[in-house]
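Let me begin by presenting the structure, written as structure tokens, before commenting on it.
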Amino acid sequence: MKRISLTQYLVEEQRQNNSIPAELRLLIEVVARACKTISHAVGKGALGEVLGTASTENVQGEVQKKLDIISNEILLEANEWGGHLAAMASEEMETIHKIPNRYPKGEYLLTFDPLDGSSNIDVNVSIGTIFSVLKAPEGMTEPSEQDFLQPGTRQVAAGYAVYGPQTMLVLTTGNGVNCFTLDREMGSWVLTQRDMQIPAKTREFSINASNARHWHPPVQRYVNELLAGDTGPRGANFNMRWVASMVADVHRILNRGGIFMYPADTRDTSMPGKLRLMYEANPMAFIVEQAGGVATDGQQRILDIVPTKLHQRVPVFLGSREEVEVVTGYHKG
Ligand code: AHM
Ligand code: MG
């Protein structure tokens with residue numbers, strides 16, 4: 001079988017669809033290379049002294065893991081010097097990171113969750129990196145946080161890497177979703193799945209059920225109906241899976257369907273859900289829609305939300321079209 005590398009895919013995509021100009025290709029390749037480095041560190045585990053907790057907290061008040069910090073550094077360093085970016089923003093940094101003056105600046109903005117699924121790092125369960133690419137607003141001279149606050153519909157690329165039994169990179173530039181597997185011996189990304197499609201129907205759902213008592217009525221109703229199985233109102237049995245790494249749950253859904261939910265709940269109204277819009281919900285929503293799925297916050301399409309804060313949180317319902325429509329309908333009703 002002829003192997004198609006990430007570089008060849010990006011070059012051919014530009015030739016055919018004019019959708020990946022050279023600077024964007026460079027950006028994607030640099031992010032992919034950084035993910036390779038992170039994958040290597042993840043794979044070393046205790047041998048690389050990368051496991052365990054650092055003595056710091058991030059802007060969300062979460063204790064940082066050593067790998068959170070290492071992965072953030074790897075992405076920053078890899079992306080600083082190429083001339084393709086104006087600034088970056090990360091789950092692990094309170095404010096935006098401007099490209100230092102010693103390097104040329106480009107027209108793109110990059111946001112990322114450097115190491116998603118932090119609670120799984122030390123127990124050798126799949127984790128990942130999520131990223132989103134925006135264009136800097138026309139005429140921007142000095143990048144500010146405000147320049148990042150664009151709705152997800154403006155993303156020009158998004159993707160995630162999952163560090164599991166295999167390391168994979170799933171990418172969209174707005175023309176479908178493709179998956180690349182890391183050939184660890186050769187050190188190259190090889191195209192292994194073209195045009196991924198999420199089945200519209202599913203019998204599998206994904207939610208952290210330990211929060212059930214805090215859920216709002218539409219989520220209670222929806223999940224209770226699924227749990228009632230073939231004698232309940234849905235007339236079918238549903239299976240449940242929760243990895244607690246969004247990358248791994250979304251990756252499963254891309255491959256065999258399913259619905260992923262991280263709703264807002266009654267605990268803290270200032271915290272609508274757990275996941276962050278700019279570098280978790282938006283890139284995943286872009287990928288899911290490009291694969292024929294749906295992503296909402298219960299009320300509206302995630303990609304239409306106009307962000308007001310860099311680290312804004314949103315409720316997330318995404319995956320197979322029919323199920324996301326049911327639970328979104330319950331919210332609207
Ligand atoms: P993180 O970015 O700090 O790792 O948090 C996000 C993760 C998601 O990957 C996952 O879906 C969720 O948090 C799991 O949350 P919980 O621990 O409530 O199950
Ligand atoms: Mg995360």
Side-chain angles (χ1 to χ4, degrees), residues 31 35 38 42 50-54 56-72 74-75 88-94 110-132 152 158-164 168 170 204-215 219 223 240-254 258-268 271-288 295 297 302 310-319 324:
V31 171
C35 290
I38 297 171
V42 167
V50 297
L51 301 185
T53 302
T56 47
E57 280 189 358
N58 66 11
V59 55
Q60 356 260 337
E62 298 161 342
V63 175
Q64 290 176 302
K65 298 281 189 177
K66 282 188 200 160
L67 259 179
D68 286 325
I69 298 172
I70 293 168
S71 307
N72 194 55
I74 289 171
L75 279 156
M88 295 178 252
S90 159
E91 175 175 327
E92 304 304 335
M93 300 185 299
E94 183 162 4
L110 175 66
T111 71
F112 45 82
D113 176 356
L115 214 285
D116 180 60
S118 302
S119 74
N120 282 324
I121 293 173
D122 293 343
V123 292
N124 196 16
V125 172
S126 295
I127 46 183
T129 298
I130 311 173
F131 68 94
S132 158
Y160 65 82
V162 54
Y163 313 117
M168 290 179 163
V170 170
E204 202 161 71
F205 69 103
S206 197
I207 191 164
N208 183 345
S210 71
N211 298 323
R213 68 191 184 286
H214 306 296
W215 294 338
V219 180
V223 175
M240 210 272 287
R241 286 285 183 274
W242 182 252
V243 182
S245 288
M246 190 192 202
V247 280
D249 282 313
V250 169
H251 194 69
R252 183 188 62 254
I253 288 170
L254 272 178
I259 172 169
F260 171 95
M261 295 169 275
Y262 213 116
D265 62 36
T266 54
R267 277 173 293 183
D268 180 355
M271 227 176 87
K274 176 178 185 187
L275 300 173
R276 275 89 6 155
L277 177 61
M278 301 289 302
Y279 39 80
E280 292 176 322
N282 266 343
M284 290 309 201
F286 189 19
I287 291 167
V288 163
D297 67 353
I302 285 177
L310 195 56
H311 297 289
Q312 177 173 346
R313 295 176 195 258
V314 277
V316 173
F317 301 86
L318 61 76
V324 179

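Numbering of ligands and ligand atoms starts at 1, following listing order. Residues: numbered from 1 along the sequence shown. Atom set for the values below is all heavy atoms of this structure, side chains included, hydrogens, waters and symmetry mates excluded.
Counting heavy atoms from C-beta on, the side chains of Y262 and D249 never come closer than 4.5 Å. Residues V316 and M246 are in side-chain contact: their nearest non-hydrogen atoms beyond the backbone lie under 4.5 Å apart. Residues K274 and N208 have side chains not in contact (no heavy-atom distance under 4.5 Å, counting atoms from C-beta outward). Here the side chains of H311 and Y279 are in contact, with some heavy-atom distance below 4.5 Å.
Sparse packing is recorded around CD of E94, with 12 or fewer heavy atoms of other residues, nucleotides or ligands lying under 6.0 Å away.
Using a heavy-atom distance under 4.0 Å as the criterion, the protein contacts of ligand 1 are E62, E91, D113, D116, G117, S118, N208, W242, A244, S245, M246, F260, Y262, K274, L275, R276, E280.
Side-chain atoms of N282 and S132 include no donor-acceptor pair closer than 3.5 Å.
Put simply, the side chain of R267 never gets that close to the backbone of A264: no donor and acceptor are under 3.5 Å apart. When atom types are taken as modelled, the side chain of T129 and the backbone of C35 share no donor-acceptor pair closer than 3.5 angstrom.
Scanning both residues, N120 and V243, for their nearest heavy atoms gives ND2-O, 3.1 Å.
Each protein N, O or S atom less than 2.8 Å from the Mg ion (ligand 2) was counted, giving 3.
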